[in-house]
Amino acid sequence: MIREANAKDLDALLELYLHLHEDRIPAMDEHLAQTWAQIMADPNHHLIVYEENGRLVSSCVCVIIPNLTAGIRPYAFVENVVTHADFRQRGYAHACLAFAKEIAEKENCYKMMLLTGSKKPETLRFYESAGYNSSDKTAFIQWL
């Protein structure tokens, strides 16, 4: 079942992120609680999860960003695309990205953007199969 995350999903989501690039689950402190509450309260922050037999197996984030160009239309930024290692190659991440696209279309976004740090050909082909291309824009990152 695909859906947007709810407040009860935090622990399962943090565990799923161990299959992204995290090496540990952060401490349940006030900063984490405030960040989670902020995400849950933000109508432009969509945390999409795929649940299989009561377990979160895939997820992505889709943030809708208001914009003053492109006919005053917002754009969507997709981040943190992850599938649990035991559940890959089943279409779950594809479904999460399709759900994100539905949200972006509903919000009248004129584009969606996604960055990946992966250089693996299979990962790049996966994003291309989901409708993304790497030829229209060049991405630059400055780590802080």
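Side chains are part of it too, since the values below use all heavy atoms of this structure and drop only hydrogens, waters and symmetry mates.
Note: T83 OG1 to H94 NE2 = 11.0 Å, rounded to the nearest 0.5 Å. Atom-to-atom distance recorded for K8:NZ and L13:CG is 16.0 Å, nearest 0.5 angstrom.
A heavy-atom distance below 4.5 Å is not found between the side chains of L14 and E22. W36 places a side-chain heavy atom less than 4.5 Å from the side chain of L47.
Here the rule is side chain to side chain contact (heavy atoms under 4.5 Å, CB included) with F77, and of K111, M112, M113 only M113 fits it.
The two atoms that bring Y92 and F87 nearest to each other are CD1-O, 3.4 Å, heavy atoms only. Taking both residues in full, the closest heavy atoms of C60 and A100 are given as SG-CB, 4.2 Å, listed atom of the first, atom of the second, then distance. What you find for V81 and L97 is that their closest heavy atoms are CG2-CD2, 3.9 Å. Counting all heavy atoms, side chain and backbone alike, L115 lies closest to E79 at O-OE1, 4.3 Å. Closest heavy-atom contact between V57 and L16: O-CD1, 3.7 Å. Minimum interatomic distance between A76 and C109 (heavy atoms only, all atoms of both residues): N-SG, 3.9 Å.
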Candidate pair R90 and E52, rule side-chain contact (heavy atoms from CB on, under 4.5 Å), full reasoning: CA-CA 11 Å; R90 299 185 193 181; E52 180 72 26; 5.7 Å; no
From CA spacing to verdict: side-chain contact (heavy atoms from CB on, under 4.5 Å), R3, F99: CA-CA 8 Å; R3 61 179 172 81; F99 194 91; 5.7 Å; no
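A donor-acceptor contact shorter than 3.5 Å is absent between the side chain of H31 and the backbone of M28. Side-chain atoms of D9 come within 3.5 Å of backbone atoms of N6 as a donor-acceptor pair (strictly under, hydrogens ignored). Put simply, the side chain of N67 gets close to the backbone of R73: a donor and an acceptor are under 3.5 Å apart.
For CD of E15, the number of neighbouring non-hydrogen atoms (other residues, nucleotides, ligands) closer than 6.0 Å is 12 at most.
A donor and an acceptor atom, one from each side chain of R55 and H84, are located under 3.5 Å apart.
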